[in-house]
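Read the structure below first, then the notes.
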Amino acid sequence: MKVAVVGRGNVGGGLADLWEKAGHEVTRIGSDGGDVSDAEAVLMAVPGGAIEDAFQTVRGLEGKMVIDATNVIGAQPPGGSPSNVEFVKSKTGGPTAKSFNINFAALYDRIADATSSPANLWCGDDEAREIVEQLNRDAGYEPVYAGGLENAAAQESFIGLIFGVVQGGMGPFFYRMAPPDQL
Ligand SMILES: NC(=O)c1ccc[n+]([C@@H]2O[C@H](COP(=O)([O-])OP(=O)(O)OC[C@H]3O[C@@H](n4cnc5c(N)ncnc54)[C@H](OP(=O)(O)O)[C@@H]3O)[C@@H](O)[C@H]2O)c1
């Protein structure tokens, strides 16, 4: 599959590496922008507060199948949208999903060592199911459907709970898999 990642940092670059290993053709786009017209699926992996800017720098997003991995930390979704991914949907009009925003990128290179595939939540449009579930499996995750896009705000705010769990004493559970400074 032709995939474009918008954001080539921890998440975009890390998933691009995993998807390339699985045989996908991945284009990596950074803050200098680019064109995603050719892509069958686009991953948004920019800082949560930069999602609106990405629509200025990236061309060809209209009608695209988009997976949004952003978390909105210290910012609000633009335009009064309940979530970043619903903002994305309002701009593209294509099949849209929220996924990859809960699992830590620092653990991507440990997924293959897991005794069973780690779960990864996604919520969004039925039309996005086939691609988002395939890209989850090709990254090594077991996709877990969490409802329609109306659940995206809850999935975005869930990261606050995960940070609370890490800081509140369950850190060693995560730290067995990655040092704290990498989470
Ligand atoms: N890190 C994690 O473990 C993790 C896990 C789940 C979700 N998230 C979420 O995923 C998103 C990315 O996190 P990250 O850790 O990968 O961040 P990161 O390493 O800082 O990478 C951010 C990327 O976004 C690009 N970018 C910034 N503004 C842009 C724009 N206007 N247009 C296109 N590209 C732009 C940057 O471009 P340049 O390369 O040109 O600088 C960079 O490649 C965030 O929303 C974060 O909350 C992170």
Side-chain angles (χ1 to χ4, degrees), residues 3-20 26-37 39 41-62 64 66-79 81-89 91-92 96-111 114 118-124 132 135-136 139-141 143-144 146 152-167 170-171 173-175 177-183:
V3 182
V5 296
V6 178
R8 55 194 168 196
N10 300 307
V11 173
L15 288 173
D17 290 346
L18 293 172
W19 288 333
E20 281 174 351
V26 184
T27 302
R28 302 170 192 231
I29 291 172
S31 52
D32 45 349
D35 193 334
V36 300
S37 307
V42 179
L43 176 82
M44 300 302 281
V46 300
I51 194 77
E52 192 166 19
D53 292 348
F55 280 87
Q56 306 301 317
T57 49
V58 179
R59 298 182 306 282
L61 279 161
E62 301 77 19
K64 284 292 168 192
V66 176
I67 303 170
D68 175 30
T70 63
N71 281 314
V72 193
I73 298 167
Q76 294 293 322
S81 178
S83 66
N84 258 11
V85 70
E86 285 161 285
F87 171 78
V88 168
K89 172 89 182 181
K91 300 292 278 184
T92 62
T96 310
K98 185 91 207 173
S99 196
F100 301 103
N101 69 308
I102 298 300
N103 281 298
F104 292 113
L107 298 175
Y108 288 161
D109 61 358
R110 307 291 302 278
I111 298 173
N120 194 33
L121 294 180
W122 78 273
C123 67
V132 72
L135 289 176
N136 262 274
Y141 290 115
V144 175
Q155 189 171 322
E156 288 182 5
S157 59
F158 189 56
I159 193 63
L161 198 61
I162 297 289
F163 286 146
V165 168
V166 169
Q167 289 158 3
M170 280 297 281
F173 172 76
F174 291 95
Y175 303 161
M177 298 181 284
D181 62 347
Q182 290 179 22
L183 290 175

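Counting starts at 1 for both ligands and their atoms, in listed order. It should be emphasised that the depicted structure is a prediction, and the values quoted were computed from it without experimental measurement.
Atoms of ligand 1 lying under 4.0 Å from at least one heavy atom of Val6, given by number and element, are 33 (C). With ligand atoms numbered from 1 in the order given, ligand 1 contributes 23 (C), 24 (O), 25 (C), 43 (O) to contacts under 4.0 Å with heavy atoms of Gly7. Counting the atoms of ligand 1 from 1 in the order shown, those under 4.0 Å from a heavy atom of Thr70 are 45 (O). Close approach to Ala105 involves these atoms of ligand 1, each under 4.0 Å from a residue heavy atom: 2 (C), 3 (O). Residue contact check: Ala54 has heavy atoms under 4.0 Å from atoms 31 (N), 32 (N) of ligand 1. Every atom of ligand 1 with a heavy atom of Ala45 under 4.0 Å away is listed here by number and element: 11 (C), 12 (C), 22 (C), 23 (C), 24 (O).
Between Thr27 and Val36, every side-chain heavy-atom pair lies at or beyond the 4.5 Å cut-off. The shortest distance between side-chain heavy atoms of Phe104 and Asn10 does not fall below 4.5 Å. For the pair Lys91/Leu61, no side-chain contact is recorded, criterion being any heavy-atom separation below 4.5 Å from C-beta on. Looking at heavy atoms from C-beta onward, Pro118 lies in side-chain contact with Ile111 at the 4.5 angstrom threshold. Contact of the Asn101 side chain with the Val85 side chain is not registered, since no non-hydrogen atoms from C-beta on lie closer than 4.5 Å.
Contacts between Ala69 and ligand 1 below 4.0 angstrom, taking non-hydrogen atoms only, involve the backbone exclusively.
Considering only non-hydrogen atoms, atom 24 (O) of ligand 1 lies nearest to Pro47 out of Gly48, Gly12, Pro47, Gly33. Among Val11, Val46, Leu15, the residue whose heavy atom sits closest to atom 44 (C) of ligand 1 is Val46. Here the shortest heavy-atom distance to atom 43 (O) of ligand 1, taken over Glu156, Met44, Glu52, Arg8, belongs to Arg8. Here atom 18 (P) of ligand 1 lies nearest to Gly9 when heavy atoms of Gly74, Ala50, Gly9, Gly34 are compared.
Among all heavy-atom pairs drawn from Leu135 and Ala41, the shortest one is CD1-CB, 4.0 Å.
Among Leu43, Val5, Leu15, the one residue that satisfies the side-chain contact (heavy atoms from CB on, under 4.5 Å) test with Val26 is Val5. Just one of Val66, Thr96, Ile67 meets the side-chain contact (heavy atoms from CB on, under 4.5 Å) condition when paired with Val132; it is Ile67.
Looking at Phe104 next to ligand 1, no N or O pair under 3.5 Å apart turns up. Checked by distance only, ligand 1 and Asn71 come closer than 3.5 Å through their nitrogen or oxygen atoms. Between Thr57 and ligand 1, at least one pair of N/O atoms sits closer than 3.5 Å. Annotation: Phe100 places no N or O atom under 3.5 Å from an N or O atom of ligand 1; distance criterion only. Checking only distances, Ser31 does come within under 3.5 Å of ligand 1, N or O to N or O.
At least one heavy atom of Asn103 sits closer than 4.0 Å to an atom of ligand 1.
The number of heavy atoms from other shown groups lying within 6.0 Å of NZ (Lys64) is above 12. Atom CD of Glu20 is surrounded by more than 12 heavy atoms from other residues, nucleotides or ligands within 6.0 Å.
One side chain, Asn120 or Asn136, offers a donor N or O that lies under 3.5 Å from an acceptor on the other.
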